[in-house]
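All ligand and atom numbering here is 1-based and tracks the order in the structure. The shown structure was predicted, so the numbers you read here are calculated from the model rather than taken from an experiment.
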Amino acid sequence: MLQQILKQYWGYDQFLPLQREAMELVLTQRDSVVILPTGGGKSLCYQVPALCQPGMLVVVSPLIALMKDQVDSLQQCGIPAFAIHSGMSAEAKRNVVSAMQAERVKVFYTSPEQLLTTRSLDFLANIRLSAFAIDEAHCISAWGHDFRPEYRGLSVLRDRFPTVSFHAYTATATPQVCEEIVTSLGMRAPKILVGSFFRPNLVYRVARRDRLLNQLCNLLDRYRRQSGLIYCISRADTERLASSLQELGYSCTAYHAGLSEIERNARQEQFLNDQVDTMIATVAFGMGIDKSNVRFVIHAAMPKSMANYQQETGRAGRDGLEAECWLLYGSEDMLRWRRTFEGAIDEVREAGEQSLRAIYSYCVASHCRHRLLVEHFGQVWGRESCQACDVCLGQFEAVEQPLLVGQKILSCILRTNEQFGSTYVAQVLAGSKDKRILANRHDRLSTYGLLKDFRSSSIRDWIEQLIEQGFVKRLGEYQQLHVSPTGRELLHGKLEPRLMRPIKARAIEVSSPSLLHSWEGVDRELFDRLRRWRSSVSVRRGVAPFLVFSDATLRDLARRQPQDVNALRDVHGIGERKVSDFGKSLLELIHEYRQSHPVDQSASDRFTPIANDPNDHAGAQALAYELFEQGASIEQIAVRLGRVESTIVKYLTNYLQCRQITDPHGWVEPKMFQQIELVARYSGVDKLKPIHDAFHGRIDYDTLRIAAALIQNRRTPSL
Ligand code: ADP
């Protein structure tokens, strides 16, 4: 029954982990707390069983925006769902009340304030209820980050509705919060389900901030016309960044608590409706945003805690498709956050400090990022590798002679009498002429400048790695570094540390395996057409595009290209209501597309010229990148983008650098590449004329440019 409803209304074939178990608890009226990460599919855990039972399910939700999205989304699937909240007219509320009296409502959303009025409680006492679902249930807890006093009032419900079961849903997994949910709601022998917080479709990456605007442009170029978030520390940062990026032609807007409510809502709407690609925001943005097609979340500075990071990045990839989470950190981030809790009471300061240290360790760690996140929240990681973070995807390499480097660092800590923190020790090792170092005469130490070939930021990263591995400890009020007993063993050469450094210092990039997978077989041009069709439907219906169809559904449509209604039913995320509402126009669109793009044509023949703004170089480059990935040739792309071949070669060399590609296959004939590389060993690749002459002009310059890009990638960049 559950499975059939899932398919019939939502068009999904399978349950996500723990969904079925959670649904059965609603069906059997056993109180429950369900803890699943964002995107884990919590809403369906109560929505699906609500359709299998007599009566009406009451959902308590903290925000009007959330309620609206949920109701819109259910109505799009043909489910009689309604809400009553303070933003509605009296007449609209009356209509919902009449529908409830006539037993025409299956799922009813409301806020705690609205629900707990005597009038509402008396009214609901006369309605047949199937269950109560408490969404974002962590709002009950004073320990949680989103405490809402109104949620506490929900404790009266159990006495008023003793025979109705209670089901709480949250993504916050601490035992304290769970305990408070259970007691506040007066749950009876509740079943607690806790899902894994590992989200394999999110690819986590960390890099030092280095010419931020460049780094962001590199990333945004890969996500043209796709949605994403950039988080900043301050309001001023968001404004500054938004105006710089707008000047460069990127579609973005800023969002922070300093804007008027009207302005904030307007900008949020633009983002939700895909009218603006990138939202550049402070922590003020996010709660209640369930836009499913957020393809990237970039932190332009370190967030203030692991919990914040997990929550903010959790907003990416809710549709289950791949999404990237980049954290770009710099040494000043710590200080900036520290200033925000200056003057607070000791406990708050200490807690803030601890959170900062945890997230900083995450930034500099050389272990699987998913593992660190999962373990931070008390879960057991039981996998070898995630294959979805920079570390597991091999973007770090081991430092040569780690023992020697470790020993140099530890002896410097001892030479400075274990009196200093990591920044200072790193500067001494790097041979800095900082005033403090000279005043302390530490430039005369034997360890001064011992690691002068490296940047002090790299040395600081290694110190963090030594701390993480237990060789060094931070002690005392100023967090001075101390050599631990195991550190002493390292000094004696009995233990060896594991020190890592990023492979790519120059470029920010590369796609993950899942990226290829979820675009596999998708006709991108058809996907773009479907997106445009979705926008027009969304405007007509007055609901956000991602509520009409998710990106996952559009990709599946552009992959399967169904010809009839039955084939349409096989598409991920198309239930019966959507077949009847949109089937005809979708089939027509696909039919028309296939007329002009017959399937038996080879993929390469599909690259007919497209309308393209000649001034939109970044857009053209992004499109070219996609086409390179699909294996299109330079000529085909030149035709498709309406640009000359030399421009496409320029895009290609950028692409090769961006992806750090070193293998000539598919780009330059391997034998020829070998010969070019041989000559380049003597002549270098900065100037191509000597190589061109060495081959007596037999190899054209475009080929040489491509080969030069590959050769440069082969040289390990210096730190
Ligand atoms: P959460 O509330 O846990 O963050 P949602 O309930 O918003 O997650 O679900 C996230 C996305 O996953 C939604 O787009 C939803 O339609 C989709 N989803 C839920 N269950 C399934 C399923 N069984 N199969 C495929 N997609 C699902």
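Counting the atoms of ligand 1 from 1 in the order shown, those under 4.0 Å from a heavy atom of T38 are 4 (O). Short contacts between ligand 1 and F15, defined as distances under 4.0 Å to a heavy atom of the residue, involve ligand atoms 23 (N). Interface atoms of ligand 1 facing P37, defined by a heavy-atom separation under 4.0 Å, are 3 (O).
For atom 18 (N) of ligand 1, the nearest protein heavy atom (residue, atom name, distance) is Y12 CE1, 3.6 Å. Looking only at protein heavy atoms, the nearest one to atom 23 (N) of ligand 1 is Q14 O, 2.7 Å. Protein heavy atom at the shortest distance from atom 12 (O) of ligand 1 is R318 O, 3.6 Å. Distance from atom 9 (O) of ligand 1 to its nearest protein heavy atom, with residue and atom name: G41 CA, 3.5 Å. For atom 19 (C) of ligand 1, the closest non-hydrogen atom on the protein side is Q19 NE2, 3.6 Å.
The aromatic rings of Y169 and Y46 lie tilted to each other, with the angle between the two planes from 30° to 60°.
For the 3.5 Å distance criterion, the side chains of H256 and T282 fail to qualify, holding no donor opposite an acceptor. Using modelled atom types and a 3.5 Å distance limit, the side chains of Q8 and R577 yield no donor-acceptor pair. Looking at K291 and N293, their side chains do bring a donor and an acceptor atom within 3.5 Å of each other. Using modelled atom types, one finds a donor on one side chain and an acceptor on the other under 3.5 Å when comparing T313 with Y204. Looking at S32 and H167, their side chains do bring a donor and an acceptor atom within 3.5 Å of each other. Side-chain contact check for S305 and N308: at least one donor-acceptor pair (N or O, by modelled atom type) lies under 3.5 Å. A donor-acceptor contact under 3.5 angstrom links the side chains of R541 and Q76, judged on distance only. No donor-acceptor contact under 3.5 angstrom links the side chains of S535 and S538, judged on distance only. A donor atom on one side chain and an acceptor atom on the other are not found under 3.5 Å apart for Q114 and H85.
Between atom 14 (O) of ligand 1 and the options C77, C45, A171, S292, the minimum heavy-atom separation is to S292.
Contacts between S73 and ligand 1 below 4.0 angstrom, taking non-hydrogen atoms only, are absent altogether.
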Side chains of residues 58-71: which donor-acceptor pairs under 3.5 Å do they make with residues two or more places apart or in other chains?
unit_1 : atom_1 : unit_2 : atom_2 : d
Q70    : OE1    : Q47    : NE2    : 2.8
Q70    : OE1    : Y109   : OH     : 3.2
Q70    : NE2    : S43    : OG     : 3.4

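In this structure, S550 does not count as a contact residue of ligand 1, since none of its heavy atoms falls inside 4.0 Å of the ligand. Heavy atoms of L44 approach ligand 1 to within less than 4.0 angstrom. Under a 4.0 angstrom heavy-atom cut-off, G320 registers as lying outside contact with ligand 1. Every heavy atom of D319 sits 4.0 Å or more from the atoms of ligand 1. Within the 4.0 Å heavy-atom shell around ligand 1 one does not find A552. Heavy-atom distances between L16 and ligand 1 reach below 4.0 Å in at least one pair.
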Between Y362 and Y329, is the ring-ring contact (aromatic ring centres under 6.0 Å, His included) condition met? List the steps. CA-CA 11 Å; Y362 171 89; Y329 71 104; 9.5 Å; no
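At under 3.5 Å, not a single nitrogen or oxygen of W10, backbone or side chain, sits near a nitrogen or oxygen of ligand 1. Geometrically, ligand 1 and S43 share a nitrogen or oxygen pair separated by less than 3.5 Å. Ligand 1 has no N or O atom lying under 3.5 Å from any N or O atom of L6, backbone or side chain.
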